[in-house]
Number of protein chains: 2
Amino acid sequence: MKEEVNTSLPETERNRLKHALKCRNLRPTRQRTCVYGVILEKRDHPTADDIHLRVRKKLPSISLATIYNCLDTLVECELVKQVHLDRAPTRFCPNRTPHAHFHCRDSGKVYDVSLDDERLSAIEQFLPHGFTADTIELSFLGRGPVTNTIS
Amino acid sequence: MKEEVNTSLPETERNRLKHALKCRNLRPTRQRTCVYGVILEKRDHPTADDIHLRVRKKLPSISLATIYNCLDTLVECELVKQVHLDRAPTRFCPNRTPHAHFHCRDSGKVYDVSLDDERLSAIEQFLPHGFTADTIELSFLGRGPVTNTIS
DNA sequence: GAACAAAATTAGAATAATTCTATTTATTTC
DNA sequence: GAAATAAATAGAATTATTCTAATTTTGTTC
């Protein structure tokens, strides 16, 4: 039995997802759509576990294994990027434009740092002859701008 | 009882370690010395587990927890860097000069990609105003130079 | 639209990485 | 050399991720 569940993914993104999946002979299942929706909804670099908690509000029976499956598919489709910081669980990011990440030691927050074409190609040129990269990950660890505190 | 074990760390590195530890009021224990020695010996970006196996040849009773403790200390002392690739265990690298990492999809090998001052400061300038980073991690995922294969 | 094949999901177990806790051992300081 | 502190230890605990085998869903063919 197929229940209709609103996985509330805006038209543009839904089409982007459908298209990217179709190119690879994969199906836009409810689970994949919903996982993608949740990642787009709150762009705070959630872990698989965070995503599981959020998706369960819409698809209460979804398992963590499926979350990982869906995420792997989305990464394959280049709709989502993985972020590897510290000895911490992998985080996921739907920002498809070239960008780096900044991880604040104080707040734990992760910020996107956008990279224009010039910067991106500068980085690509770091590679010695014979090496080609399909994925570049750049991350900073430090302190972000001082936020107001009660002092 | 103190057994003398040769942890075979060359003079220069031994001094570097001693100095870095002293600055932070930490002690150059046999375990720390040996872990550092092993990391310097074979610069293949080993995991904590790899390091455990290697150190045990010299200090057979050392525990994995101590390996992690020592590694954390060495990272704190800026003698060792952590490398975070994929959803894989953290690797450790004794290259103290600025460099990026290249991870080969085919062989799984990790290469250091050295960064001169110019490149490093170019990267630092990516950060928006108000952000300061003490650690920068840049990694590439792709294919390395083709090695000879039996075809 | 029934029947089959292929793809995807599922629960839960298994594995593996890392951290924690409580105890023991070693080192420094007085 | 005793007290105080730091570090190491074993092993348990926790957590992240993967795997397995069974079930459900989807797509295709007749």
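Naming: A, B, ... by sequence-line order, numbering from 1 per chain. Every heavy atom of this structure was used, including side-chain atoms; hydrogens, water molecules and symmetry mates were not.
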Send over the distance from [X] [atom1] to [N] [atom2], rounded to a whole Å.
X	N	atom1	atom2	result
A:Gln31	D:dT24	CD	P	14 Å
A:Gln82	D:dA16	CD	C1'	13 Å
B:Asn69	D:dT9	CG	P	9 Å
B:Leu26	C:dT27	CG	P	15 Å
A:Arg91	D:dT15	CZ	P	16 Å
B:Arg30	D:dT9	CZ	C1'	13 Å
B:Arg56	D:dA10	CZ	P	10 Å
A:Ile67	D:dT18	CD1	C1'	15 Å

Practice problem: Give the C-alpha distance, both sets of side-chain angles, the deciding distance and a yes or no for ring-ring contact (aromatic ring centres under 6.0 Å, His included) between A:Phe126 and B:Phe140. | Solution: CA-CA 10 Å; A:Phe126 294 175; B:Phe140 300 90; 7.1 Å; no

Exercise. Supply the members, apart from A:Leu53, of the Ile/Leu/Val/Met/Phe/Trp/Tyr cluster built from side-chain contacts under 4.5 Å; use none for a lone residue.
Key: none

Quiz item: Checking all strands, does A:Thr29 fall into the base, sugar-phosphate, or nothing category for heavy-atom contacts under 4.0 angstrom?
Solution: sugar-phosphate

Self-check item: Sub-4.5 Å side-chain heavy-atom contact between B:Arg105 and A:Thr135
Solution: yes

Does [X] pair with [Y] as a salt bridge, N-O distance under 4.0 Å?
X	Y	value
A:Arg43	A:Asp112	no
B:Lys58	B:Glu41	yes
B:Arg54	B:Asp44	yes
A:Asp50	A:Lys42	no

Quiz item: For the side chain of B:Arg27, counting heavy atoms from C-beta on, which of C:dT10, D:dA6, C:dA7 is nearest?
Solution: D:dA6

Quiz prompt | More than 12 heavy atoms from other groups under 6.0 Å of CD on B:Glu124 | solution = yes

Quiz item: Looking at five pairs on each end of the helix from C:dG1-D:dC30 to C:dC30-D:dG1, what is the angle between the two axes, given to 10 degrees?
Solution: 30°

Self-check item: Base versus backbone protein contacts along nucleotides 11-21 of chain C [heavy-atom cut-off under 4.0 Å; B, S, -]
Solution: BB----SBBB-

Quiz item: Can you name the one residue among A:Arg91, A:His103, A:Lys109 that meets side chain to side chain contact (heavy atoms under 4.5 Å, CB included) with A:His45?
Solution: A:Arg91

